[in-house]
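The structure appears right after this line, and notes come after that.
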Amino acid sequence: MNNRDIQAAWKYHDGTKHSYWSIRNNPHSLDWANRPRPFKIYPKLEPFPLPRDVPQTGVAALSAISEPVPSSRADSVPDLQDLARILYFSAGITKQRRSPGGEIYFRAAACTGALYEIELYVVTGDLAGLDAGVYHFTPADVSLRLLRKGDFRGNLAEATAREPAVAQAPATIICTGTYWRNAWKYQTRTYRHFGWDTGTLLANMLAVAAASGLPAEIVLGFVDAEVSRLLDLDTQREVSLCLVPIGRTSERSLPEPKEAPVLHLETVPLSQREVEYPAMLEMHDASSLESVEEVTQWRGKPPTLPSSGLAGEKVQLQRLPEEEQENDTIEQVILRRGSTRTFDRTASITLAQLSTILDCATRGLPADFLEPTPSRLNDLYLVVHSVQGLKPGAYFFGREQNTLELLKEGKFRTEAHHLGLEQDLPADACVDIFFLADLKRILEQYGNRGYRAVQLEAGAIGGRIYLAAYALHLGATGLTFFDDDVISFFSPHARDKSAIFLLAIGKPLKRKPQ
Ligand SMILES: Cc1cc2nc3c(=O)[nH]c(=O)nc-3n(C[C@H](O)[C@H](O)[C@H](O)COP(=O)(O)O)c2cc1C
């Protein structure tokens, strides 16, 4: 398969669209007796417990998500406490609830269906408190398990064609996706969810790294097979999705790549039986990079996608003044975040709150597939129901101008209910934010891997919106949608785009005391 053969991404995307009829005609039901385990467990490996009483950063959430770490020449090397903080606030268990289907362990970042199919691994040199090695992070007991002893950072540098952030990083975190854990519920859509759920987790990871004073960025350019081999993945079941180098060192001598023989480490089966969805394996293969040369070519900085021209009535966005912004720390906000289950339909938010959320969430994402200047693959389209200072209607967010352009005025709660898969949440929210992308141009520029990039970017911006909304004591939830109906709703402006992601913001309905 070839990354440039972009029919593969179109086939997957078109084949996994939701529509009114696809939902009704899908006979799939949840087999609770075969529900996958929420954790990857290596029964024969000893845990290396991570410290649990790590000092908080004290950095306000809104700054942590939107302000880059000042670049300094000095080394910034994480220690074990930094690593523990970053891993826990990205993928750790923050809440636990009993449900009819069993115990649910809610994690730091939102995840489709609370199925938590994204695993984290760390490839590190010697750090204060941790020996060099390749480790797996187990949220269940907040510990690392050593898969390979020794410094394998040279293998990552090689696999990324010496991407400078990876080559200079004292440690790199790798996100992987486990198909079955999510496909048990969502079947073939899981490959889209890989991007969304990695993205929300990355929003936390980048914010906590920044709050810890450590540079970090998203790296999507790597030879897939090399990284998967290093982590000893069974790639029929689990695949590497992205790398996040953490910190920077001026140390020049990176170790040479080492042999990484197959380990065949035993893991506890996720379910009695698993169903394989070949369309996802094909999509992954078709978006894999096969050689260092291909990585180098892929990474050649692509031209920024032109943003859609603005024509309609514009509203200037204006952030909350500094003194009115909440100063809760990033850790406090992550701990209280949760997806809103019911919005108060009678509530409204202010234009300044919405402006602050949009501004914080869309400040340049540090990623190897984006220009350093704030650029994006996704465009944001809004359905405004009740925002003080804005007429209800459909809008386009002009990032460069920091404006909302009115596309059509009107009360669209009924339409939002339909577009958001006939759920009440998008109808009752104050505003729904749809992510739409010019998939044609993206795939032409980046090949099939552009499909991974656009989904992941949406998840990461969506994850930042979650954090910014909770920082302001509002509520938010990710949602899914009827693909083509979303495009029709926002057309003609959105003609030729594809629906990628949806998130609603509002005020949670306060339950009346019983
Ligand atoms: C991309 C995305 C899409 C989601 N879609 C829906 C949805 O369609 N309906 C819904 O009720 N919740 C949806 N959720 C919310 C998840 O169910 C929720 O994140 C998960 O149960 C974990 O709970 P928490 O976010 O409160 O930690 C979505 C979450 C994400 C990240």
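Hydrogens, waters and symmetry mates play no part in the numbers below; they use all other heavy atoms, side chains included. Counting convention: from 1, in listed order, for ligands and their atoms alike. Note that the structure is predicted; figures quoted are calculated from it, not measured.
- Remark: Glu276 engages Gln236 in a side-chain hydrogen bond (donor to acceptor under 3.5 Å, both in side chains) (not counting sequence neighbours).
- Residue contacts with ligand 1 include Thr480, since one of its heavy atoms falls under 4.0 Å from the ligand.
- Annotation: Tyr105 is in aromatic contact with Phe39 [ring centroid separation under 6.0 Å].
- Among Gly462, Ala476, Ser339, the residue whose heavy atom lies nearest to atom 15 (C) of ligand 1 is Ser339.
- With sequence neighbours excluded, no residue forms a side-chain hydrogen bond (donor to acceptor under 3.5 Å, both in side chains) with Thr235.
- Heavy atoms of Leu425 found under 4.0 angstrom from ligand 1 belong exclusively to the side chain.
- Of all protein heavy atoms, the one closest to atom 31 (C) of ligand 1 is Ala110 CB, 3.7 Å.
- Proximity of Gln423 to ligand 1, defined as any heavy-atom pair under 4.0 Å, is confined to the side chain (atoms from C-beta onward).
- Proximity of Cys111 to ligand 1, defined as any heavy-atom pair under 4.0 Å, is confined to the backbone N, CA, C and O atoms.
- Of the charged side-chain nitrogens involved, at least one lies within less than 4.0 Å of a carboxylate oxygen, so that Arg98 and Glu103 count as a salt-bridged pair.
- Taking the ring centroids of Phe489 and His418, they lie at or beyond the 6.0 Å cut-off.
- Using a 4.0 Å cut-off between heavy atoms, Leu503 makes no contact with ligand 1 at all.
- Ring centers of Phe434 and Phe490: under 6.0 Å apart, within the cut-off.
- At least one heavy atom of Arg337 sits less than 4.0 Å from an atom of ligand 1.
- The Phe501 neighbourhood of ligand 1 comprises atoms 1 (C), with distances under 4.0 Å to a heavy atom of that residue.
- Taking the six-membered ring for Trp, Tyr42 and His136 have ring centres closer than 6.0 Å.
- Atom 17 (O) of ligand 1 has Gly113 N, 3.8 Å as its closest protein atom, hydrogens excluded (heavy atom only).
- The part of Arg341 lying near ligand 1 is the side chain, judged by heavy-atom distances below 4.0 Å.
- Given atom 14 (N) of ligand 1, the protein heavy atom at minimum distance is Gly478 O, 3.3 Å.
- Looking at heavy atoms from C-beta onward, Asp328 lies in side-chain contact with His473 at the 4.5 angstrom threshold.
- Numbered from 1 in the order shown, with element, the atoms of ligand 1 that lie under 4.0 Å from a heavy atom of Tyr116 read 22 (C).
- Considering backbone and side-chain N/O of Gly338, none are found under 3.5 Å from N/O of ligand 1.
- When Leu243, Thr172, Ile174 are each tested for a side-chain contact (heavy atoms from CB on, under 4.5 Å) with Val219, only one passes: Leu243.
- Atom 1 (C) of ligand 1 has its closest protein heavy atom at Trp196 CE3, 3.3 Å.
- The shortest heavy-atom distance from Tyr186 to ligand 1 is not under 4.0 Å.
- A salt bridge is absent between Glu400 and Arg376; no separation between the charged side-chain nitrogens and carboxylate oxygens falls under 4.0 Å.
- Nearest protein heavy-atom neighbour of atom 2 (C) of ligand 1: Thr112 CG2, 3.6 Å.
- Salt-bridge annotation for Arg449 and Asp224: present, with a side-chain N of the basic residue lying under 4.0 Å from a carboxylate O of the acidic one.
- In this structure, atom 21 (O) of ligand 1 lies nearest to the protein heavy atom Ala114 CB, 3.5 Å.
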